[in-house]
Amino acid sequence: MEPTSPPVPRLPAESGSDAVPPPKRVTAAELIRRAEDERRLAHEARSASTARARDRIAACHAGNGDALRAIVARHGWPTAESVGEPASTAALLILLHSPDLGFQLTCRDLIAEAAADGRCPAVHHAYIADHCAVALGRPQFYGTRINPGTLFPYPIRHPETVDERRRDVGLGPLTEHLRAVRRGLGASGGL
């Protein structure tokens, strides 16, 4: 997992899951389980970077992407409103690691609509919008994508106003985020 991905959600306590309709609870539990499996495999791959570990995480990303594609085809984007915020965040994590850019672009637009309607946190759109922009070789909007080699953000559109855009979606200032990423990775940064 990239150092800039949102945290892996946990399945809410039974009382908290009452807000999710019973048929969607199965979908919610599947999304969270898949994101947790992916997190575990990524941790194992970082601990012992072998060809086998890389193959396992690649297979997990592909399988999770296929499962998410099927869920989206049946139900649309799994919004916080429909499956609960932890499962919606899990879906975003799975999407960010999917090997299918076309699917990511389609879901980016679905997430934008859901965020505009208040059915999904705006920060979800920030993460997928930046991910797709970087994948397409374009400047990102919110500075959520950090180059793992340099620990600096990939190019940002209008960097002078990035903190305003970040604030609008619930993210803190970029310099604070960069400090936290570098601290978390044990890197020394000059910020």
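Keep in mind that the numbers below use all heavy atoms, side chains included, and drop hydrogens, waters and symmetry copies. All residue numbers in this chain count up from 1 along the given sequence.
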**Study point:** Heavy-atom pair with the smallest gap, counting every atom of Ala87 and Leu31
**Key:** O-CD1, 3.7 Å
Check your understanding: Counting heavy atoms not belonging to His75, are there more than 12 under 6.0 Å from its NE2?
Key -> yes
Exercise for review: Classify the angle between the aromatic ring planes of His125 and Tyr142 as parallel (below 30°), tilted (30 to 60°) or perpendicular (above 60°).
Suggested key: perpendicular
Review point. Is a side-chain donor or acceptor of His177 paired with a backbone partner of Pro173 at a separation under 3.5 angstrom?
Key: no
Just list the side-chain donor-acceptor pairs under 3.5 Å for residues 111-123, sequence neighbours left out, or say none.
from	atom 1	to	atom 2	distance (Å)
Asp117	OD2	Arg119	NH2	3.3

Revision key, fill the gap. Residues at least two apart in sequence or cross-chain that pass side chain to side chain contact (heavy atoms under 4.5 Å, CB included) with Ser49, listed by chain then number, are Arg54
Exercise for review: Would you mind checking if Arg179 and Glu176 are paired as a salt bridge, meaning a charged N to carboxylate O distance below 4.0 Å?
Suggested key: no
Exercise for review: Using a 4.5 Å cut-off on heavy atoms from C-beta on, say whether the side chain of Ile156 contacts that of Leu174.
Suggested key: yes
Review point. Just wondering, are more than 12 heavy atoms of other shown residues or ligands nearer than 6.0 Å to CZ in Arg40?
Key: yes
Check your understanding: Does a side-chain heavy-atom distance below 4.5 Å link Leu93 with Tyr127?
Key -> no
**Study point:** Trp77 side chain near Val72 side chain, heavy-atom distance below 4.5 Å
**Key:** yes
Practice item. Identify the two heavy atoms, one from Leu41 and one from Ile57, that lie closest to each other, and give their separation to 0.1 Å. Key: CB-CD1, 3.6 Å
Check your understanding: Can any side-chain N or O of Ser88 pair as donor or acceptor with the backbone N or O of Gly84 at less than 3.5 Å?
Key -> no
Review point. Taking only residues two or more places apart in sequence, or in another chain, which ones meet Val134 in a side chain to side chain contact (heavy atoms under 4.5 Å, CB included)?
Key: Gln140, Arg145, Tyr154
Review point. What are the two closest heavy atoms between Leu96 and His131, and how far apart are they?
Key: O-CE1, 3.2 Å
**Study point:** Heavy-atom donor-acceptor pair, Asp130 side chain to Gly143 backbone, under 3.5 Å
**Key:** yes
Revision key, fill the gap. Sorted by chain and number, sequence neighbours left out, side chain to side chain donor-acceptor pair (under 3.5 Å) with Thr79 holds for Ser82
Exercise for review: Under the side chain to side chain contact (heavy atoms under 4.5 Å, CB included) rule, collect the residues that match up with Asp109, sequence neighbours excluded.
Suggested key: none
Exercise for review: Please identify each residue that fulfils side chain to side chain donor-acceptor pair (under 3.5 Å) with Arg108, with sequence neighbours left out.
Suggested key: none
Check your understanding: Going by distance alone, is a donor N or O of one side chain under 3.5 Å from an acceptor N or O of the other, for Ser98 and His61?
Key -> no
Exercise for review: Give every residue pair that meets the salt bridge (charged side-chain N to carboxylate O under 4.0 Å, His left out) criterion with at least one member in residues 163-173, sequence neighbours excluded.
Suggested key: none
Check your understanding: Where do Ile94 and Ala35 come nearest, in terms of heavy atoms and distance?
Key -> CD1-N, 4.1 Å
Check your understanding: Quick one: does Ile128's side chain get under 4.5 Å of Cys107's, heavy atoms only?
Key -> no
Check your understanding: Arg33: what forms a side chain to side chain contact (heavy atoms under 4.5 Å, CB included) with it, not counting sequence neighbours?
Key -> Glu30, Asp37
**Study point:** Spacing of CG belonging to Leu68 relative to CG belonging to Leu92, to within rounding of 0.5 Å
**Key:** 9.5 Å
Exercise for review: Mind checking side chain to side chain donor-acceptor pair (under 3.5 Å) for Thr106 and listing every partner two or more places apart, or none if nothing turns up?
Suggested key: none
**Study point:** Set of side chain to side chain donor-acceptor pair (under 3.5 Å) partners for Asn64, sequence neighbours left out
**Key:** Arg34, Glu38
Practice item. Sequence neighbours left out, what pairs pass salt bridge (charged side-chain N to carboxylate O under 4.0 Å, His left out) with at least one residue falling in residues 55-79? Key: Glu44-Arg56, Asp66-Arg69, Arg69-Asp100
